[in-house]
Amino acid sequence: MVKEIKMKKVMVGMSGGVDSSVAAMLLRDSGFEVMGVTLKLFSDEDIVEAQKEGKTCCALSDVMDARSVAYRLGFEHIVFNFKDCFRERVMSKFADSYMCGRTPNPCIECNRYVKFDKMLRRAIELGYDYIATGHYAVREYDEKSGRYLLKRPKDRSKDQTYVLYSLTQEQLAHTLFPLGELDKPQVRALAEKAGLVNSDKPDSQDICFVPDGDYVSFIEKFTGKEPVAGDFVDLDGNVLGRHKGIIGYTVGQRKGLGISLGIPAYVVKKDVAANTVTLGSESDLYTQTLIAEDVNLISVAEIETPMRITAKTRYSQTEQPAVVSALGNGEYLVEFDKPQRAVTSGQAVVFYDGDTVVGGGTIK
């Protein structure tokens, strides 16, 4: 009697874009039992409004594209309604962070609380071994350390490890990234060869729930609170003029300040309590140290002694040489070799050891 071999089951998060579609196809071709899932993150009214803005992420047309791909590739596709979780964990936190003078990255929060938490738990409940996404990253198991590792992908221009630093060992154990060894042209070529409807679909660029990039209008509508005008001040506290509301400004911003000082001026600090925005020169934007909180470590269980790393404080930044040290209170000190421009509270700092993600946290 031939022993029955159970196929591994994987639930693939399908946004309707080409990356997640090809990820699902590669897993199917590798022998996995695949089911495609699209996450509903907005109310119907939000989706209709987003479609008017020409948004290309999470709209009704994206659900249809994902379903079309699943049908063509021969596996089931369903939709999970996670809009309550998304509203609480991502949209509310985004608005609250801005109101507190911070600049958040909602994609990180979506990955942390929705895609790799709620979706993974749902997948396991339904008997699936893994979830998978179209992120450009590599996941490996290191026999020596007994830990799962998150590494940079082959296509460095599409590297998404920065927004994945919050993944835990448990999550990595049940997550697959099929595109880690491919570059974007290869992915599009595979989609075209397979006749997928979205082979030439443009990549989504904006934050999905702020399709026009107007954060101020979104926050005003979401919170029901109008921005309160206040003072622009210099580093000595001298009043320079009036701003239109603290949420409308980001550290490092130069354009759109609505004030003329005769010299280039940049936002260097925001004080919510005083409702002031501090302006300074380009040189005032640089700092050599930062403190990270809410840190998640991946390649190591802890950092006992100062560790030589590279780190970046923005998604598009090239990693910079630094040393990270534990402060003993759940916070970490990052000391860069050279001063860094516009390090911003609320953004993420991610630590690397070569191509391997050591971990990361939120800039305090």
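Just so it is clear, the values below take in all heavy atoms, side chains as well, and ignore hydrogens, waters and symmetry mates.
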Colleague: Any Lys/Arg nitrogen of Asp337 or Arg308 sitting under 4.0 Å from an Asp/Glu carboxylate oxygen of the other?
Modeller: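 Yes, charged N to carboxylate O under 4.0 Å.
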
Colleague: Salt bridge (Lys or Arg N to Asp or Glu O under 4.0 Å) between Lys221 and Asp214: does it pass, once the steps are laid out?
Modeller: CA-CA 11 Å; Lys221 180 180 177 181; Asp214 188 349; over 6 Å; no

Colleague: Determine whether the side chains of Asp284 and Ser281 contain a donor N or O and an acceptor N or O closer than 3.5 Å.
Modeller: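 On atom types as modelled, these side chains qualify, holding a pair under 3.5 Å.
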
Colleague: Check residues 23-30 and write down every donor-acceptor pair under 3.5 Å in which the side-chain atom is one partner and the other belongs to a residue at least two apart or another chain.
Modeller:
unit_1: Arg28; atom_1: NH1; unit_2: Leu73; atom_2: O; d: 3.0
unit_1: Ser30; atom_1: OG; unit_2: Leu26; atom_2: O; d: 2.9

Colleague: Is Asp203 salt-bridged to Arg188, cutoff N-O under 4.0 Å?
Modeller: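 Yes, Asp203 and Arg188 are salt-bridged.
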
Colleague: Over all heavy atoms of both residues, which pair between Ser299 and Thr356 is shortest? Give the atoms and the distance, please.
Modeller: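 For Ser299 and Thr356, the tightest heavy-atom pair comes out as CB-CG2, 3.9 Å.
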
Colleague: Enumerate the residue pairs fulfilling ring pair (Phe, Tyr, Trp, His ring centres under 6.0 Å) with a member in residues 110-133, sequence neighbours excluded, ordered by first and then second residue.
Modeller: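 For residues 110-133, and leaving out neighbouring residues, the ring pair (Phe, Tyr, Trp, His ring centres under 6.0 Å) pairs sorted by first residue read Phe116-His135.
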
Colleague: Taking Lys118 first and then Glu88, would you say they form a salt bridge - that is, a charged N and a carboxylate O separated by under 4.0 Å?
Modeller: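 Salt bridge: no.
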
Colleague: Which heavy atom in Ser20 sits nearest to a heavy atom in Val12, and how many Å separate them?
Modeller: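 Smallest interatomic distance, heavy atoms only, reads O-CG1, 4.0 Å.
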
Colleague: May I ask you to decide whether Asp355 forms a salt bridge with Arg156, counting only side-chain N to carboxylate O separations under 4.0 Å?
Modeller: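 So Asp355 pairs with Arg156 through a salt bridge.
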
Colleague: I want to check something: taking the side chain as every heavy atom from C-beta on, are Asp353 and Ile309 in contact at a cut-off of under 4.5 Å?
Modeller: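 No - every pair of side-chain heavy atoms lies 4.5 Å or more apart.
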
Colleague: Report, as yes or no, whether the 6.0 Å neighbourhood of atom CD on Glu192 holds more than 12 heavy atoms from other residues, nucleotides or ligands.
Modeller: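 Atom CD in Glu192 is not packed in, count stays at 12 or less.
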
Colleague: With no hydrogens and no angle check, is any side-chain donor or acceptor of Glu140 less than 3.5 Å from a backbone partner on Leu149?
Modeller: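 Not a single qualifying donor-acceptor pair exists.
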
Colleague: Aromatic rings Phe209 and Phe94: how do their planes relate, parallel, tilted or perpendicular, breaks at 30° and 60°?
Modeller: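 Answer is perpendicular, since the angle exceeds 60°.
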
Colleague: Determine yes or no for a side-chain-to-main-chain donor-acceptor pair under 3.5 angstrom, with Gln288 supplying the side chain and Glu335 the backbone.
Modeller: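 Judged by distance alone, no pair lies under 3.5 Å.
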
Colleague: Whether Asp155 and Lys184 form a salt bridge (side-chain N of Lys/Arg under 4.0 Å from carboxylate O of Asp/Glu) is what I want to check.
Modeller: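 A salt bridge is absent here (no side-chain N lies under 4.0 Å from a carboxylate O).
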
Colleague: Can the ring centroids of Phe222 and Phe218 be said to lie less than 6.0 angstrom from one another?
Modeller: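 Yes; Phe218 has its ring centre under 6.0 Å from that of Phe222.
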
Colleague: Hey, does the side chain of Asn275 reach the backbone of Asp231 with a donor-acceptor pair shorter than 3.5 angstrom?
Modeller: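 No; zero donor-acceptor contacts below 3.5 Å.
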
Colleague: Kindly indicate whether the side chain of Tyr165, heavy atoms from C-beta on, has any atom under 4.5 Å from the side chain of Tyr352.
Modeller: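 Heavy-atom side-chain distance check fails, nothing below 4.5 Å.
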
Colleague: Go through the steps for Arg102 and Ser345 under the test side-chain hydrogen bond (donor to acceptor under 3.5 Å, both in side chains), then give the verdict.
Modeller: CA-CA 5 Å; Arg102 311 187 89 185; Ser345 174; 2.9 Å; yes

Colleague: Tell me every residue that passes side-chain hydrogen bond (donor to acceptor under 3.5 Å, both in side chains) with Arg89, counting only those two or more places apart in sequence or in another chain.
Modeller: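 Arg89 satisfies side-chain hydrogen bond (donor to acceptor under 3.5 Å, both in side chains) with no other residue.
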
Colleague: If the threshold is 4.0 Å, N to carboxylate O, is there a salt bridge linking Lys151 and Asp142?
Modeller: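 Salt bridge absent between Lys151 and Asp142.
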
Colleague: Might you point out which heavy atoms bring Pro227 and Gly245 nearest each other, and give the distance in Å?
Modeller: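 Smallest interatomic distance, heavy atoms only, reads CB-CA, 3.9 Å.
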
Colleague: Ignoring hydrogens and angles, tell me if any N or O in the side chain of Asn111 forms a donor-acceptor pair with the backbone of Val163 under 3.5 Å.
Modeller: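 It does hold such a pair.
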
Colleague: Is there side-chain contact between Asp19 and Val187, with heavy atoms separated by less than 4.5 Å?
Modeller: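 Asp19 reaches Val187 side chain to side chain.
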
Colleague: In the single-linkage hydrophobic clustering (I, L, V, M, F, W, Y; side-chain heavy atoms under 4.5 Å), do Ile108 and Tyr215 co-cluster?
Modeller: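 Result: yes, single cluster for both.
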
